[in-house]
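Every chain is numbered from 1, with letters handed out A, B, ... down the list of sequences. Quick note: numbers below take in every heavy atom, side chains included, and nothing from hydrogens, waters or symmetry partners.
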There are 2 protein chains.
Amino acid sequence: MDDLNIHNLENLDNQPQACAFNADCPTRLILNRIADKWTVLVMILLESETKRFSNLQREIGGISQKMLTQTLRGLERDGLVSRKVYATVPPKVEYSLTPLGHTLKDLLYAIKTWSETNIKEVLAAQKSYDEVSLK
Amino acid sequence: MDDLNIHNLENLDNQPQACAFNADCPTRLILNRIADKWTVLVMILLESETKRFSNLQREIGGISQKMLTQTLRGLERDGLVSRKVYATVPPKVEYSLTPLGHTLKDLLYAIKTWSETNIKEVLAAQKSYDEVSLK
DNA sequence: CCGCATCCTTAATGATACTG
DNA sequence: CAGTATCATTAAGGATGCGG
């Protein structure tokens, strides 16, 4: 695994194919994981405590059962979320962050904080852009 | 604009519809912007210096002209990127981050750093997950 | 050089029904 | 409750050609 195509992102002009900028670099996988519509929301909820499937679905507005399942499976496959099944009737499944998942805490909250801080400015920019486009 | 549905993310159990967890909250727009396949790559390139369209396309492996245009337009609309057209023949268009865009610098680099730091562990987790699934 | 418009293909998501 | 499976729908993306 030491031959992964991971390079320094500095001096990009001298390394046009560096790291994630190379379509074949595995680092792209991480970007595509974070760049998932639901990943951030699911992980922020799991960051504070273990939660059940139905709990997550109730708290995340607009997510379908299919999408939640898909997101959780992807996160589990990436080693960010762990899934614990209780052999009871009815079944009970608990999701939590793995230690690796918890290392994303600061990043997740940075995204949350930036979003909340700058949403108004972004909306204003959109409004302005759209008005100009109408001319 | 003071009536935006932005709430505290703490005590989520008491606020199941808080903020980005509400499908109708505008904060979702920000998540969907960051959760764009190309946003992070484009913005990291523009963070250090102004770049031309063809320059960006050359440096981002795998992005099509259509997707780069679409990403840049979206970022421009959100007030994160500014576009400067030179009325020359042939035309020259320069892209750079706005002051608002620059405020994402730390976040962008946090994503980059986390990705580079943990890519091996994620790949190992995927491999392990896939092997178990085959049984 | 930049990038829009069009057509076409493929991937993502939603809706519904069913199971341990 | 927590899914899986299937089908239908929609959205995303690629390819090509044209125009400022």
Side-chain angles (χ1 to χ4, degrees), chain A residues 16 23-24 28-29 31-42 45-46 50-78 81-96 129-130 132-135, chain B residues 16 23-24 28-29 31-42 45-46 50-78 81-96 129-130 132-135:
Chain A
D24 300 324
R28 268 295 169 86
L29 293 172
L31 288 179
N32 291 339
R33 166 61 53 216
I34 295 173
D36 180 273
K37 193 175 180 181
W38 305 110
T39 292
V40 173
L41 294 175
V42 168
L45 285 177
L46 294 179
T50 293
K51 284 183 185 294
R52 299 180 62 173
F53 186 91
S54 53
N55 204 323
L56 289 169
Q57 189 173 17
R58 207 174 323 109
E59 294 187 16
I60 301 176
I63 195 169
S64 66
Q65 187 182 51
K66 181 179 178 178
M67 281 302 98
L68 181 54
T69 299
Q70 205 169 98
T71 303
L72 288 168
R73 288 293 170 283
L75 289 170
E76 192 190 358
R77 179 170 182 263
D78 287 353
V81 160
S82 81
R83 178 174 180 266
K84 186 171 183 182
V85 183
Y86 295 86
T88 57
V89 178
K92 175 179 170 181
V93 182
E94 283 184 347
Y95 292 92
S96 58
Y129 183 93
D130 292 344
V132 172
S133 298
L134 283 179
K135 290 191 301 188
Chain B
D24 299 323
R28 269 294 169 86
L29 292 172
L31 288 179
N32 291 339
R33 164 61 52 214
I34 295 172
D36 179 274
K37 192 175 179 183
W38 305 111
T39 291
V40 174
L41 295 175
V42 168
L45 285 178
L46 293 180
T50 294
K51 285 186 186 292
R52 299 182 61 175
F53 186 92
S54 53
N55 204 324
L56 289 168
Q57 189 172 18
R58 207 175 321 111
E59 294 186 17
I60 302 175
I63 195 170
S64 66
Q65 188 182 53
K66 182 180 178 177
M67 282 303 99
L68 181 53
T69 298
Q70 205 170 98
T71 302
L72 288 168
R73 287 297 168 283
L75 289 170
E76 191 190 356
R77 178 169 183 265
D78 287 353
V81 160
S82 79
R83 178 174 180 264
K84 186 171 182 181
V85 183
Y86 294 86
T88 57
V89 178
K92 175 179 170 183
V93 182
E94 283 186 346
Y95 293 92
S96 57
Y129 183 95
D130 293 343
V132 172
S133 299
L134 283 179
K135 287 193 301 192

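Of the residues in residues 87-95 of chain B, those lying under 4.0 Å from DNA chain D by heavy-atom distance are B/Pro91.
Scanning both residues, A/Leu56 and A/Lys51, for their nearest heavy atoms gives CD2-CD, 3.9 Å. Summarising the geometry of A/Ile34 relative to A/Val40, their closest heavy-atom pair is O-CG2, 4.3 Å, with the distance given to 0.1 Å. Across all their heavy atoms, B/Leu68 and B/Phe53 have their closest contact at CD2-O, 3.6 Å. The two atoms that bring A/Arg28 and B/Ile60 nearest to each other are NH2-CG2, 3.9 Å, heavy atoms only. When all heavy atoms of A/Ala23 and B/Gly61 are compared, the pair lying nearest together is CB-O, 3.5 Å. Here the closest heavy-atom approach between residue A/Val93 and residue A/Arg83 is recorded as CG1-CG, 3.8 Å.
In this entry the distance linking CE of A/Met67 with P of D/dA11 reads 14 Å, nearest Å. Spacing between atom NZ of A/Lys66 and atom C1' of D/dT4 amounts to 11 Å, rounded to whole angstrom units. To the nearest angstrom, C1' of D/dA12 lies 10 Å from NZ of B/Lys37. Atom-to-atom, CZ of A/Arg83 to P of D/dC1 comes out at 16 Å; the value is rounded to the nearest Å. The CD-P distance, from B/Gln70 to D/dG13, rounds to 7 Å in whole Å. For A/Lys84 and D/dC1, the NZ to C1' distance is 17 Å, given to the nearest whole Å.
For the atom pair CG of A/Leu75 and CZ of A/Arg77, the computed distance is 12.0 Å after rounding to the nearest 0.5 Å. Rounding to the nearest 0.5 Å gives a distance of 11.0 Å between NZ of A/Lys37 and CG of B/Leu31. Here CG of B/Leu72 is found 8.5 Å from CD of B/Glu76. Values are rounded to the nearest 0.5 Å. The CG atom of A/Leu45 sits 8.0 Å away from atom CG of A/Asn55, with the distance rounded to the nearest 0.5 Å.
Read 5' to 3', the first and last nucleotides of DNA chain C with an atom closer than 4.0 Å to a heavy atom of chain A are C/dT13 to C/dG20.
Judged by closest nucleotide on DNA chain C, B/Gln65 is the one of B/Gln65 and A/Trp38 placed further toward the 5' end.
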Original post:
For DNA chain C, what string of dots and brackets results from 5' to 3' when Watson-Crick and G-U pairs need both distances under 3.5 Å, crossing pairs get [ ], and pairs with another strand get |?
Top reply: |.||||||||||||||||||
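Side-chain N/O atoms of A/Thr69 include none lying less than 4.0 angstrom from OP1 or OP2 on D/dG3.
Counting only distance, with no hydrogens or angles, the side chain of A/Thr50 and the backbone of A/Glu94 share no donor-acceptor pair below 3.5 Å.
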